[in-house]
Amino acid sequence: MKYEFHQIEKKWQKIWEEQKVNAAVNGGDKPKFYALVEFPYPSGDGLHVGHPRPYTALDIVSRKRRMEGYNVLFPIGFDAFGLPTENFAIKNHVHPREVTKRNIARFTDQLKMLGFSFDWDRVVDTTDPEYYKWTQWIFLQMFKKGLAYKTKMPVNWCTSCKCVLANEEVVNGVCERCGSPVVRREKSQWMLAITKYAQRLIDDLDDLDYIERVKIQQRNWIGRSIGAEVSFKTTAGDEMLIFTTRPDTMFGATYMVMSPEHELLKRWEDKLTNLAEVKAYQEEAARKSDFERTEMNKEKTGVRLQGVAAVNPVTGEEIPIFISDYVLATYGTGAIMAVPGHDERDWEFAHAFDLPIVEVVQGGDVTKEAFVDKDENARMVNSGFLNGLSVKEAIPTMIRWLEEKGIGREKVNFKLRDWVFSRQRYWGEPIPIINCPKCGWVPMDEKDLPLLLPDVKSYEPTDTGESPLAHMTDWVKCTCPKCGGSAEHETDTMPQWAGSSWYFLRYMDPHNKEALVGKDAIDYWNRVDWYNGGMEHTTLHLLYSRFWHKFLYDIGVVPTSEPYAKRTSHGMILGLNPRNFANLDPAEQEKLVAEFGSEEGAQKHLTEKYGEMAEHPIVKMSKSLGNVVNPNDIVNQYGADTLRLYIMFIGDFEKAAPWQDTAVKGSKRFLDRVWNLEQKVTPGSAYSKENEASIHRTIKKVSEDIEAMKFNTAIAALMTLVNEFYDKGLNKADYQLLLKLLSPFTPHIAEELWEMTGGEGLCCRQPWPKYDVSKMADAEKTIAIQVGGKLRSTVVLPADSPDDAVVAAALKDPKIAKQMEGMELVKSIVVKNKLVNLVLKPKKLDKPQE
RNA sequence: GCGCGAGUGGUGGAAUUGGUAGACUCGCUAGAUUCAGGUUCUAGUGUUCACUUCGGACGUGGGGGUUCAAGUCCCCCCUCGCGCACCA
């Protein structure tokens, strides 16, 4: 019989669905396990081969857990609000809802085709009013607690999406999504006060089982620094507040700098004698995009304020104030004390403007460069009452002094900014807030939720920055819930990150009409046990959802302050670059070499033709390069099991890996061999003697590797086992063991062969095999014999042979005997069951050789 | 610049309480089977010298070091990827 994967896969997918083998139950005696993968954005392109990598990984874990007796919740859903759908809808004159429906249907088919063991009765769709009702509800709770507020502020404006972006969505000054330039605009926006949770978001990372690089990235993003806030008197009469991490260096503060946007500047207008110059600089700074402002190695520019100066509180000296765009309005207080001796930027600025540089910490040469080491043991100089103290002592001494004088205090500062939460687009959750001319911003009544998205004729974004909803006068007009007067709905919508910030809770209780999640359900499932997702979400979705969860914890909705016990991350699937010489077909290569003289010449030609990108043999998959792999094609050609196997075998799960079409057939070949192996099976209800040790070793290896996400080596171990079965023969018990181990990876073929060999019930419902360490060891061991650390021979000995027996056997070995000629044994090292190393030295000759 | 990670055959990648480097694939070579096939099987495949045999030398980005023994530990250097980036 042939391995007819198409039929087999359809057959078992149907049976699993009918028998609901993957349904999670809310409650029961089994231990619970909640495995989560990031739900997809249902794009018009359908699934690409990147999707199945994390899905297959947690599918394997989930299937193994079920076999181990867990009640497993492994759900899937769709994060379906967002710009691509809206843009597609605009271009093709279809309603985004229709587009979304079609895309979800397509994704569902594709996901089912791959045999993932999702519980399809728990599918969540963020654009479903029954779902976004609760997204809106959470927003209302945040509003009521003062965590959601509207404020006028400079925002990131994407010139192409015509929409504001959160800081997290701006990458190198361009839009994370479309790559267009981002400019600064003054706009009134809804904000979420994530900064109020900054401390907890950092501290609580310590107890979580996240891979380290995720923790590090979140810590860096939140960016906590400890220092002091100090107010400096000015000659204008008011005070200038600054933040510094180096209060110890205050005696070295020879000037001040504030950002061009600083609010004090407005108040000082009548005192500034060079106001025109100041204004010109402000305008110049405002015109620059984020990218221009943050370009590295930038020359320091600025303007000295004439007419106002500050007073250094420790030295009592009057020092000048500058404005410069190297000081950011959005960090700290938007102003700094400049210590050019001990800060690189200040040093550069001081040099450019010929300002005095004072050394206050010993250890460098401040005439040559800033000495920035925060060496705790370095001594203070030129620092009045701090002189002679170490940096370590000087910091608290200075803070105490500032507190006594009432002009400063210890202060923790964060890089994290509040979250810009409104978008001027159509396809998102409407913000359930009403603008009343009398009462201001008023929350909608909870019982009026969901606030439905209206059907609009045109959802094109506008250049004015107004939401498309603003044109829907009927929808906009409403009555104020507070005073009953006429009022207006907020017309901005929520960002795409809103719906995904709590979706994992909805899976626990997806059909609940009374609450976002029922108490029984949340008490039972508690939180996600294992969450796998992309590194690109570390400072976006992962951070946002932790924030929302902490809020929900604070208002008593969820029982845990953290949503995910464990977080792992997969590497990207890359593609071969068809424009790189190495990836051309041989005929093409030959032709180019003939034409350009050499491979280097040929590559140079390709680089000239296509640009620098052609230099890289492995690149991201992209439509424009035509190297995108569609999982449907692989399934059609080889079957879902082969795709699943290959995508897990491709390499280290956490690292990026290039898709190679030719390598896929190795996985197919393996499954063919598993299939054909059935012909060789002899009767037997216990593991055969000759395979027993290998079987126990393989069970251990596969079990442990799945937990460690080392799927590639787990599969290699299974391949080795199959190779051994071909060599040594196998019985039915051996074969069925193989099928059980294979079942999480390639469930369809495992199920079919299980049935063919007369296995009872379903393979996926068998208990996960156990291993016995005492049965893993071979009776005989191959011992390596080294001389001076170099392998010279091997010898086969009974397991656990005593050291002296090993040495004796080694010395008897003919190859070793040859090595021993003219030498004597100095010492020998034996590593049990592994090797013996003989250390030799030349024999002293008793009599001269003839 | 700072942080994190990584450099191993023709290729994807194994192997770190230091203990036989290259498991398991792809590719390639030879043979067999089939013979229109992207089929299957057997043997081989790090480089190199010897090649009649035994075998020898070298080999994990480069250079030092520790050790009976180093891909693994220590010091210096180079390259690449990712993240952050004037954060006071």
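A, B, ... follow the sequence lines: proteins, then strands. Residue 1 opens every chain.
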Next on the checklist: Tell me whether the side-chain N/O atoms of A:K815 come closer than 4.0 Å to OP1 or OP2 in B:C54.
Outcome noted: no

Checklist entry - Under 4.0 angstrom, heavy atoms only, what part of the nucleic acid is A:N676 near: base, sugar-phosphate, or nothing? => result nothing

Checklist outcome for this item: Pairing partner of B:U33, by Watson-Crick or G-U wobble and under 3.5 Å for both distances, is none

Checklist entry - Which part of the nucleic acid does A:Q637 contact within heavy-atom distance under 4.0 Å: base, sugar-phosphate only, or nothing? => result base

Checklist entry - To the side chain of A:Q660, which of B:U11, B:A88, B:C26 is closest? => result B:U11

Item to check | Gap in Å between the two C1' atoms, one belonging to B:G37 and one to B:C54, rounded | outcome: 46 Å

Checklist outcome for this item: Quick note, A:I829 side chain, CB onward, closest among B:A88, B:G19, B:C4 is B:G19

Next on the checklist: Over all strands shown, is A:T782 touching base, sugar-phosphate only, or nothing at heavy-atom distances under 4.0 angstrom?
Outcome noted: base

Checklist entry - Can you tell me if the side-chain N/O atoms of A:R673 get under 4.0 Å from OP1 or OP2 in B:C41? => result yes

Checklist entry - Under 6.0 Å from the NZ atom of A:K834, do we count more than 12 heavy atoms belonging to anything else shown? => result no

Item to check | 5' priority, RNA chain B, between A:I783 and A:R669 [closest heavy atom] | outcome: A:I783

Next on the checklist: Please determine whether a side-chain nitrogen or oxygen atom of A:T713 lies at a distance below 4.0 Å from atom OP1 or OP2 of B:C24.
Outcome noted: no

Next on the checklist: Closest approach to the side chain of A:T662, judged atom by atom: which nucleotide of B:C4, B:U20, B:C26 is it?
Outcome noted: B:C26

Next on the checklist: Would you say A:D418 and A:T195 are linked by a side-chain donor-acceptor pair, where the criterion is simply a distance under 3.5 Å?
Outcome noted: yes

Next on the checklist: Which nucleotide, if any, forms a Watson-Crick or G-U wobble pair with B:A50, using both distances under 3.5 Å?
Outcome noted: none

Item to check | Nucleotide of B:C24, B:G27, B:G81 approaching A:T720 most closely (side-chain heavy atoms) | outcome: B:C24

Checklist entry - On a whole-Å scale, what distance lies between the C1' atoms belonging to B:A14 and B:G63? => result 27 Å

Checklist entry - Does B:A21 have a Watson-Crick or wobble partner in any strand here, with both distances under 3.5 angstrom, and which is it? => result none

Checklist entry - Is the number of heavy atoms from other residues, nucleotides or ligands under 6.0 Å of A:E344 CD greater than 12? => result no

Checklist entry - How far, in whole Å, is B:C58 from B:A6 if one measures between their C1' atoms? => result 25 Å

Checklist entry - Is there a donor on the side chain of A:Y638 or the base of B:G38 sitting less than 3.5 Å from an acceptor on the other? => result yes

Checklist entry - Are A:F322 and A:F349 near enough that their ring centres are under 6.0 Å apart? => result yes

Next on the checklist: Checking one value: the base orientation of B:G9, syn if chi is within 90 degrees of 0, otherwise anti.
Outcome noted: syn

Item to check | Listed nucleotide nearest any side-chain atom of A:L835, set B:A57, B:G19, B:C26 | outcome: B:G19

Checklist entry - Is A:K620 atom NZ crowded by more than 12 heavy atoms from other residues, nucleotides or ligands, each under 6.0 Å away? => result no

Checklist entry - Say you pick atom C1' in B:C4 and the same atom in B:G9; how far apart are they, in whole Å? => result 28 Å

Next on the checklist: Tell me whether the side-chain N/O atoms of A:N712 come closer than 4.0 Å to OP1 or OP2 in B:U25.
Outcome noted: no

Next on the checklist: Considering every strand and a 4.0 Å limit on heavy-atom distances, what is the contact class for A:I650: base, sugar-phosphate, or nothing?
Outcome noted: sugar-phosphate

Checklist entry - So what does A:K710 hit on the nucleic acid, given a heavy-atom distance under 4.0 Å: a base, only sugar-phosphate, or nothing? => result sugar-phosphate

Next on the checklist: Please report the distance, rounded to the nearest Å, between CZ in A:F653 and C1' in B:A14.
Outcome noted: 18 Å

Checklist entry - Between B:A57, B:C26, B:G3, which one does the side chain of A:N220 approach most closely? => result B:G3

Checklist entry - Now, which nucleotide makes the Watson-Crick or G-U wobble pair with B:G3, with each of the two distances under 3.5 Å? => result B:C82

Checklist entry - With a 4.0 Å cut-off on heavy atoms, is A:V831 in touch with a base, just the backbone sugar-phosphate, or nothing at all? => result base

Checklist outcome for this item: Closest to the side chain of A:W221, out of B:A88, B:A23, B:A85, is B:A85

Next on the checklist: Does A:Q217 reach a base, just sugar-phosphate, or nothing at all? Heavy atoms under 4.0 Å.
Outcome noted: sugar-phosphate

Checklist entry - Which base, if any, makes a Watson-Crick or G-U wobble pair with B:C28, both distances under 3.5 Å? => result B:G44

Next on the checklist: It should be established whether A:K790 places a side-chain nitrogen or oxygen under 4.0 Å from OP1 or OP2 of nucleotide B:C58.
Outcome noted: yes

Next on the checklist: Counting only side-chain heavy atoms from C-beta out, which of B:A14, B:G81, B:G12 sits nearest to A:F649?
Outcome noted: B:G12

Item to check | Over 12 non-hydrogen atoms of neighbours within 6.0 angstrom of CD in A:E263 | outcome: no

Checklist entry - With respect to the phosphate group of B:G27, does any side-chain polar atom (N or O) of A:K665 fall under 4.0 Å of OP1 or OP2? => result yes

Checklist entry - What does A:N723 touch in the nucleic acid at a heavy-atom separation under 4.0 angstrom: a base, only the sugar-phosphate, or nothing? => result sugar-phosphate

Next on the checklist: Could you check whether atom NZ of A:K680 has more than 12 heavy atoms from other residues, nucleotides or ligands sitting under 6.0 Å from it?
Outcome noted: no

Checklist entry - Of all heavy-atom pairs between A:E410 and A:I399, which one has the smallest distance, and what is that distance? => result N-CG2, 4.0 Å

Checklist entry - Of the nucleotides B:U40, B:G83, B:C4, which one has an atom closest to the side chain of A:D672? => result B:U40

Next on the checklist: Taking only the P atom of each, what is the distance from B:G27 to B:U20 in whole angstrom?
Outcome noted: 30 Å

Next on the checklist: If you compare every side-chain N and O of A:R792 against the phosphate oxygens of B:G56 (OP1, OP2), does one of them come in below 4.0 Å?
Outcome noted: yes

Checklist entry - Of the nucleotides B:G12, B:A88, B:C68, which one has an atom closest to the side chain of A:V839? => result B:C68

